2 protein chains.
Amino acid sequence: MSQNEFQSQEVVSSLEQGLARDGFRLTRARHVVLTAMVELGHPFSTGELEQAVARVDGSVGRASVYRTLALMESRGLVEKLHRSGQEHYTLCLKAEHHHHVTCVQCGRTREFALKDNIDLLSTVDGLARGLGYLPRSHVLEVYGVCPACQKLAGPHA
Amino acid sequence: MSQNEFQSQEVVSSLEQGLARDGFRLTRARHVVLTAMVELGHPFSTGELEQAVARVDGSVGRASVYRTLALMESRGLVEKLHRSGQEHYTLCLKAEHHHHVTCVQCGRTREFALKDNIDLLSTVDGLARGLGYLPRSHVLEVYGVCPACQKLAGPHA
DNA sequence: CAACAATTGATACGGGGTATCAATAGAGGG
DNA sequence: CCCTCTATTGATACCCCGTATCAATTGTTG
Ligand SMILES: [Mn+2]
Ligand SMILES: [Mn+2]
Ligand SMILES: [Zn+2]
Ligand SMILES: [Zn+2]
């Protein structure tokens with residue numbers, strides 16, 4: 001846990017440096033919200049984020065939570081996950097276009113790029129072209145059981 | 001347009017018959033909401049649906065719009081589209097698991113099943129397995145320019 | 001037509017997100 | 001270190017969407 005906290009600080013200040021580099025101020029509220037995001041680890045709903053922020057520092061206003069969330073989203077560092085039902089967000093480490101595999105049991109999300117699988121990339125575009133469409137973009141999200149949760153469940157799955 | 005209206009009536013009563021078959025009552029409110037859905041044609045937000053319903057029959061209550069929408073969604077005849085930003089819905093013709101190609105210009109949506117392209121289907125699952133996941137489900141939505149809009153735009157695209 | 005339950009529309013309510021705005025606190029220069 | 005200037009903040013009020021409630025209505029079945 002101490003090791004984890006150390007890494008978290010790293011990630012937070014890395015994100016902050018990015019903001020500072022682009023002329024955004026390094027403020028207490030932003031620091032708290034970023035910390036909450038990183039410590040959540042899992043994809044989070046806005047409600048969960050609000051709670052986490054309040055836990056870290058109850059004096060941060062609700063509006064600032066949404067402002068920081070929007071700021072991060074506009075910079076491509078936070079993405080909406082299209083889970084069924086409520087909308088969820090997740091921190092993004094890689095900046096380029098990518099997708100997510102989400103574990104249906106523990107909720108942990110992992111990023112992957114189609115570049116790693118050129119077949120699929122060209123197939124998705126080819127599929128659109130096959131229907132006469134000029135492909136522009138796509139959304140792909142995969143749900144399953146992650147390796148860790150498979151081990152926990154034992155040989156019956 | 002007269003031809004279109006005729007087809008619309010067909011679709012609406014087909015949907016209604018499905019409801020009746022399962023013991024749901026054939027009510028005025030439902031008829032109006034279904035008519036609005038069908039006549040919208042495009043994927044629609046809840047707000048657009050409310051407006052369309054009001055246009056068809058202003059006496060239908062707001063609650064019934066959402067009730068009918070939920071009913072249709074529970075029966076798999078309406079699906080949420082994961083467009084960026086606001087949530088949109090679209091009528092579904094095919095009942096099995098399928099995906100959507102949406103035109104970024106005219107907004108028209110077309111359904112397709114991965115069965116038509118076994119490569120992609122197995123690749124998506126294979127991709128999850130390649131990351132150690134036990135695949136369960138996925139969401140794939142493609143955006144592009146539809147054939148009709150390509151023609152309208154002319155040779156410069 | 002009667003009887004009964006499903007469904008409806010009106011109403012009021014709740015949660016989530018935002019516009020507003022005076023107060024605060026970064027950042028940068030003297 | 002202080003001063004200035006402006007980005008940013010927290011509080012408040014507000015709005016919008018969706019839903020719970022409930023008496024009134026309307027389908028359905030016989
Ligand atoms: Mn991501
Ligand atoms: Mn569909
Ligand atoms: Zn897991
Ligand atoms: Zn089009």
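Computed from a predicted structure; not experimentally measured. Throughout, protein chains are lettered first and strands after them, A, B, ... in sequence-line order, and every chain is numbered starting at 1.
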Could you report the tightest heavy-atom contact between B/Glu39 and B/Ser8, atom names first, then the distance? CG-OG, 4.5 Å

Over how many whole Å does the gap from A/Leu34 atom CG to D/dT9 atom P extend? 11 Å

With a cut-off of less than 4.0 Å, is there a side-chain N or O of B/Thr27 near OP1 or OP2 of D/dT26? no

Ignoring hydrogens and angles, answer whether the base of D/dG10 and the side-chain atoms of A/Arg28 contain a donor-acceptor pair closer than 3.5 Å. no

Just wondering, do B/Val33 and B/Arg67 contact through their side chains at under 4.5 Å, heavy atoms? no

Rounded to whole Å, the CG-C1' distance (A/Asp57 to D/dT8) equals 15 Å

Taken to the nearest whole Å, CG/B/Asp22 to C1'/C/dA6 is 15 Å

Using whole Å, report how far CD of B/Glu48 lies from C1' of D/dC17. 15 Å

Evaluate A/Arg30 against A/Glu16 for side-chain contact (heavy atoms from CB on, under 4.5 Å), listing each step before the verdict. CA-CA 8 Å; A/Arg30 281 180 180 146; A/Glu16 286 177 321; 5.7 Å; no

Minimum-distance nucleotide to A/Val60 side chain [options: C/dA27, D/dG10, D/dT8]: D/dG10

Hey, does the side chain of A/Thr46 come within less than 4.0 Å of C/dG17's phosphate (OP1/OP2), counting only N and O? yes

Pair of N/O donor and acceptor under 3.5 Å linking C/dA27 base with A/Arg25 side chain: no

I need the CD-C1' distance between B/Glu16 and D/dG27, as an integer number of Å. 13 Å

Tell me: CG of B/Leu49 to C1' of D/dC16, nearest whole Å? 16 Å

Should the side chain of B/Arg62 and the base of C/dG9 be counted as holding a donor-acceptor pair, with the cut-off at 3.5 Å? no

When you get a sec, tell me which of C/dA27, C/dT18, D/dC17 is the closest nucleotide to the side chain of A/Tyr66? C/dT18

Kindly say if B/Ser64 contacts the phosphate of C/dG9, meaning a side-chain N or O under 4.0 Å from OP1 or OP2. yes

Which part of the nucleic acid, if any, lies within reach of A/Arg30 when heavy atoms closer than 4.0 Å are counted: base, sugar-phosphate only, or nothing? sugar-phosphate

Interatomic distance where CG belongs to A/Leu26 and C1' belongs to C/dG28 [whole Å]: 15 Å

Parallel, tilted or perpendicular, as decided by the 30° and 60° cut-offs, for the rings of A/His99 and A/Phe112: tilted

Rounded off to whole Å, could you give me the CZ-to-P distance for the B/Phe24 and C/dA6 pair? 11 Å

Hey, which sits more toward the 5' end of DNA chain D by its nearest nucleotide, A/Gly23 or B/Arg67? A/Gly23

Any donor-acceptor pair under 3.5 Å linking the side chain of B/Glu141 with the backbone of B/Thr102? no

